[in-house]
Amino acid sequence: MAPQHARSVPGIRSTRVALVHDTLTERTGPGRVLLHLAACFDDPLIVTSVYAPEATFPEFARYRVKAVHELPRGEDRAEAGAFTSPGTFRSLDLRHVDLVIASTTAFAHHVRHRRTAVYWHGAPSHSPGFDPSAPEPSALVASPISTHPRDLEAATYHRLQMANSYRTAERLHATYGVEAGVLHPPLDSRWLDRPLADPAGSPSALVVSRLRPDKHVDVAIAACARLGVPLTVVGEGPDLRRLQDLAGPSVTFIASLSDAALAAAYGAHSVVLCPGRDDFGLVALEAGSAGRPVVASSTGAGMETVLHRETGWLVGGWHADDWAAAVGSVLQRRWDASALRNAARRFGVGAFDDQLARWLEPLVDPGPSRPAVHAHEPAGTASVPRALVTS
């Protein structure tokens, strides 16, 4: 069902829209947000660098999805980024659409169209000076850091910029000098609307994450081992082999789950661990909507989604002893599942849709008396066949 709030901007649903996204090769938070954006428009075109239909959300099959590259059979989806580049998006011919929304953490902001809005799911991790495993440097938000001139030009080309969290907005300002507003991603919790009940059996923990070093899943493994608490890890990524070597027999790895199976997994576990320094992190809100408390890193956007001691526990740093203590504290308490669900829903789709409509209004209905959206015309498009993106 398409969100109704988007109708508050005249003509927004019938506007010819292209949603330009980095890659569609995994089931990720940005992918869920992209699906919600697609539902706001009539027959949007989704353009991406690489598309693996069997690996991402099946709902994308409802839309026109055009991929510039085909992921070779057997290629590791976690390495799909190797098939994308700034040139991939600079060369797109999108002159046939009225509005472009770039949905990005990597290179989609390099797209060229005079009416483009950029929604950042995180500041690009390829930016010089960014180390996702290091403590948050205070200088990062104090002054711009060096970045490639072409990337800097692409990041500042578009007038409308929105970040998914205050953390992302600060990093964008530090990296590019971009002044982005903040629009938290929508929690569409319909797939989590199961009857609330206490988990059966002994305490257990759940991690839902891409398996990369910056997600710090090893900390969750170590903390649960100290407590003797079984842990289930749902996700894929290049860190899988290392994590399997660290894990004992009480850790279960599952590559991916359908929405129904993931909703059941949330309900079957006592606590959900979010040790990654995420730029937003829908998992914490999904857990709350399922009636489960969260232990999350306070160095990421957990500060924006988790209410300490009310919906979960925030932990500074990644010392396994600190995480074990936090998990132990959560497991000792009795949590009100209904209160957790209600707290998560303050990030519901209605608030997102209202803000989205207001944000896009200058592009959707500029009016005859308003200035041009951008002085530049789209860049050349000769290197990508127009048939890729014009159907």
Side-chain angles (χ1 to χ4, degrees), residues 3 26-37 39 56-60 121-122 164-165 167 183-199 204-211 215-217 220 231-237 252 254-297 300-308 310-314 327 330 335-353:
E26 298 176 272
R27 297 168 65 95
T28 64
R32 285 200 187 276
V33 176
L34 180 65
L35 278 173
H36 186 80
L37 287 171
T56 188
F57 298 106
E59 289 83 359
F60 281 113
H121 300 282
N164 69 339
S165 68
R167 167 182 161 77
L183 175 56
H184 289 126
L187 174 66
D188 186 347
S189 59
R190 288 174 294 181
W191 62 282
L192 291 162
D193 282 344
R194 300 162 57 94
L196 295 173
D198 292 335
S204 60
L206 175 68
V207 167
V208 181
S209 173
R210 282 176 282 180
L211 305 183
K215 296 298 184 179
H216 298 287
V217 178
L231 173 67
T232 301
V233 177
V234 178
E236 299 177 90
T252 301
I254 302 174
S256 64
L257 293 173
S258 67
D259 282 353
L262 183 56
Y266 279 127
H269 291 80
S270 312
V271 60
V272 177
L273 310 185
C274 302
R277 197 171 69 196
D278 294 323
D279 292 295
F280 182 70
L282 275 171
V283 169
L285 296 178
E286 292 173 358
S289 189
R292 294 296 174 261
V294 173
V295 178
S297 170
M303 292 289 289
E304 300 176 42
T305 56
V306 179
L307 303 174
H308 186 54
E310 294 184 29
T311 63
W313 225 264
L314 292 171
V327 173
V330 167
W335 297 84
D336 185 335
S338 295
L340 295 175
R341 173 171 283 181
N342 290 335
R345 287 180 174 173
R346 71 190 191 277
F347 292 90
V349 297
F352 178 89
D353 293 343

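Quick note: numbers below take in every heavy atom, side chains included, and nothing from hydrogens, waters or symmetry partners. We count residues from 1, following the sequence as given.
Nearest heavy-atom pair across Ala265 and Leu257 is CB-CD1, 4.1 Å. Closest heavy-atom contact between Pro275 and Ser297: O-CB, 3.7 Å. Residues Val294 and Ala287 approach most closely at CG2-CB, 3.6 Å, considering heavy atoms. The two residues Ala290 and Leu196 make their nearest non-hydrogen contact at O-CD2, 3.5 Å. Nearest heavy atoms, Phe57 versus Gly31: CE1-C, 3.9 Å. Heavy atoms only, all atoms of each residue included: Glu236 and Ser256 are closest at OE2-CB, 4.4 Å.
Between Leu211 and Val233 the shortest side-chain heavy-atom distance falls below 4.5 Å. Contact annotation: the side chain of Pro293 approaches that of Leu340 to within less than 4.5 Å [non-hydrogen atoms, C-beta and beyond]. Using a 4.5 Å heavy-atom cutoff, the side chains of Pro186 and Asp188 are not in contact. Within the 4.5 Å cutoff, the side chain of Met303 has no heavy atoms near those of the Arg167 side chain. Between Val234 and Leu206, some side-chain heavy-atom pair lies under the 4.5 Å cut-off. Between Trp335 and Val271 the shortest side-chain heavy-atom distance does not fall below 4.5 Å.
We find the CG-NE2 distance between Asp278 and His216 to be 9.5 Å, quoted to the nearest 0.5 Å. Interatomic distance, Phe352 CZ to Leu37 CG, rounded to the nearest 0.5 Å: 4.5 Å. With rounding to the nearest 0.5 angstrom, the OG1 atom of Thr56 is 7.0 Å from the CG atom of Leu35. Separation of atoms OG1 (Thr305) and CD (Glu286) is listed at 11.5 Å; rounding is to 0.5 Å.
Judged by distance alone, the side chain of Arg32 and the main-chain N or O of Leu187 form no donor-acceptor pair under 3.5 Å. No donor-acceptor pair under 3.5 Å is formed between the side chain of Trp191 and the backbone N or O of Leu262. With Arg292 contributing its side chain and His269 its backbone, the two residues share a donor-acceptor pair below 3.5 Å. Ser189 places no side-chain N or O within 3.5 Å of a backbone atom of Leu192 that could act as its donor or acceptor partner. Side chain of His308 to main chain of Leu314: a donor-acceptor pair is present (N/O by atom type, distance under 3.5 Å, no hydrogens or angles). The backbone N or O of Ser204 lies less than 3.5 Å from a partner atom in the side chain of Ser270, making a donor-acceptor pair. Within the 3.5 Å criterion, the main-chain N or O of Ala343 finds a donor-acceptor partner in the side chain of Arg346. Ser165 places a side-chain N or O within 3.5 Å of a backbone atom of Asp279 that can act as its donor or acceptor partner. Although no hydrogens or angles enter the test, the distance criterion places no donor-acceptor pair under 3.5 Å between the side chain of Ser289 and the main chain of Arg341.
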ask   = Passes ring-ring contact (aromatic ring centres under 6.0 Å, His included), Phe280 versus His184? Steps please.
value = CA-CA 8 Å; Phe280 182 70; His184 289 126; 5.5 Å; yes
request  = Before giving the answer on side-chain contact (heavy atoms from CB on, under 4.5 Å), spell out for Phe347 and Leu282 the whole-Å C-alpha distance, their side-chain angles and the decisive distance to 0.1 Å.
outcome  = CA-CA 10 Å; Phe347 292 90; Leu282 275 171; over 6 Å; no
message = Assess the residue pair Leu285 and Arg345 against the criterion (side-chain contact (heavy atoms from CB on, under 4.5 Å)); give the C-alpha distance rounded to whole Å, side-chain angles, the decisive distance to 0.1 Å, and a yes or no.
response = CA-CA 8 Å; Leu285 296 178; Arg345 287 180 174 173; over 6 Å; no
